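Down below is the structure, laid out as C-alpha cells.
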Amino acid sequence: MNRRTFIKHGCLACVSSSVILTVLESCTVVKYGTGKLTDNGMLVNTDEFRSGDKIRDYIIIRHDDLLYPICLYRLSDNEYSAILMRCSHQGAELQVSGDRLMCPAHGSEFDKSGHVVQAPAMSDLRKFPVSVLDNKMFIDLRKEHS
C-alpha cells in the first residue's frame, strides 16, 4: 500500500470512529427537570438523577422564570455542579454532550465545571453553589460559585 492510500484510509477510519462515538453519545436520553423556584434559588430532588437502576451524570433544569436552563452535573454522591447554560462568548444557549457544554453558535466548549476548553469564549461559565440535604439539592441563584 502506498503512502497516499494509507493516509486516506487512516483518516477515513479516524473520522468514522469519531462520528460513531458522537452519534452514540447523542443517543443518550437527556433528562429535563423543572425544580421548585424559591426566593433565593431552586430546589431539585436528587431522585431526578435516577433512571431505573442507573444514575444519570447530568440533568437539565428548565423553568419558565429562568432565561436559560441550568445544567446539573453529578460529580459524586453529595457534590454537584450547577452551570448556567449561557455561553460567555456571546450569550447563545449551550447544548450538553456528555461531560461537555458546547455552543452551537461559534463552537466554544466548556467542561462539566464550566471552565473554557475551546475558544472563542475567553471566560468560564456562570456557576452556582449547590448544597445537598437528604434527597434535596438547593441551587443558590443569588451568587456565583467560584
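These numbers come from a predicted model, not from an experiment.
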Evaluate the side-chain proximity of [Y] to [X]: yes if any heavy-atom separation is below 4.5 Å, no if none is.
X: Gln118; Y: Ser108; answer: no
X: Leu94; Y: Arg86; answer: no
X: Ile55; Y: Arg74; answer: yes
X: Val96; Y: Ile60; answer: yes
X: Met42; Y: Leu66; answer: yes
X: Phe128; Y: Ile139; answer: yes
X: Leu72; Y: Val130; answer: yes
X: Leu101; Y: Ile83; answer: yes

Is it true that Tyr80 and Phe49 have ring centroids separated by less than 6.0 Å?
-> yes
[atom1] of [X] to [atom2] of [Y]: how many Å apart, nearest 0.5 Å?
X: Ile70; Y: His63; atom1: CD1; atom2: NE2; result: 10.5 Å
X: Tyr73; Y: Ser113; atom1: OH; atom2: OG; result: 9.5 Å
X: Lys127; Y: Ser81; atom1: NZ; atom2: OG; result: 6.5 Å

Side-chain heavy atoms nearer than 4.5 Å, only ILVMFWY residues, links allowed to pass through others: does that put [X] and [Y] together?
X: Leu84; Y: Leu67; value: yes
X: Val132; Y: Val44; value: yes
X: Met85; Y: Leu75; value: yes
X: Leu37; Y: Ile61; value: yes

Does anything in residues 105-127 pair up under ring pair (Phe, Tyr, Trp, His ring centres under 6.0 Å), and if so which pairs, sequence neighbours excluded?
->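 Qualifying pairs, neighbours excluded: His89-His106.
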For residues 102-121, pull every pair meeting salt bridge (Lys or Arg N to Asp or Glu O under 4.0 Å), keeping only residues two or more places apart or in separate chains.
->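 Output for this query lists Arg100-Glu109.
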Answer yes when Lys136 and Asp134 have at least one side-chain N-carboxylate O distance shorter than 4.0 Å, and no when they do not.
-> no
Short side-chain to backbone donor-acceptor contact, Ser51 and Lys54, under 3.5 Å |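 Answer holds: no.
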Side-chain donor or acceptor of Tyr68 paired with backbone N/O of Cys87 under 3.5 Å =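 It does not hold such a pair.
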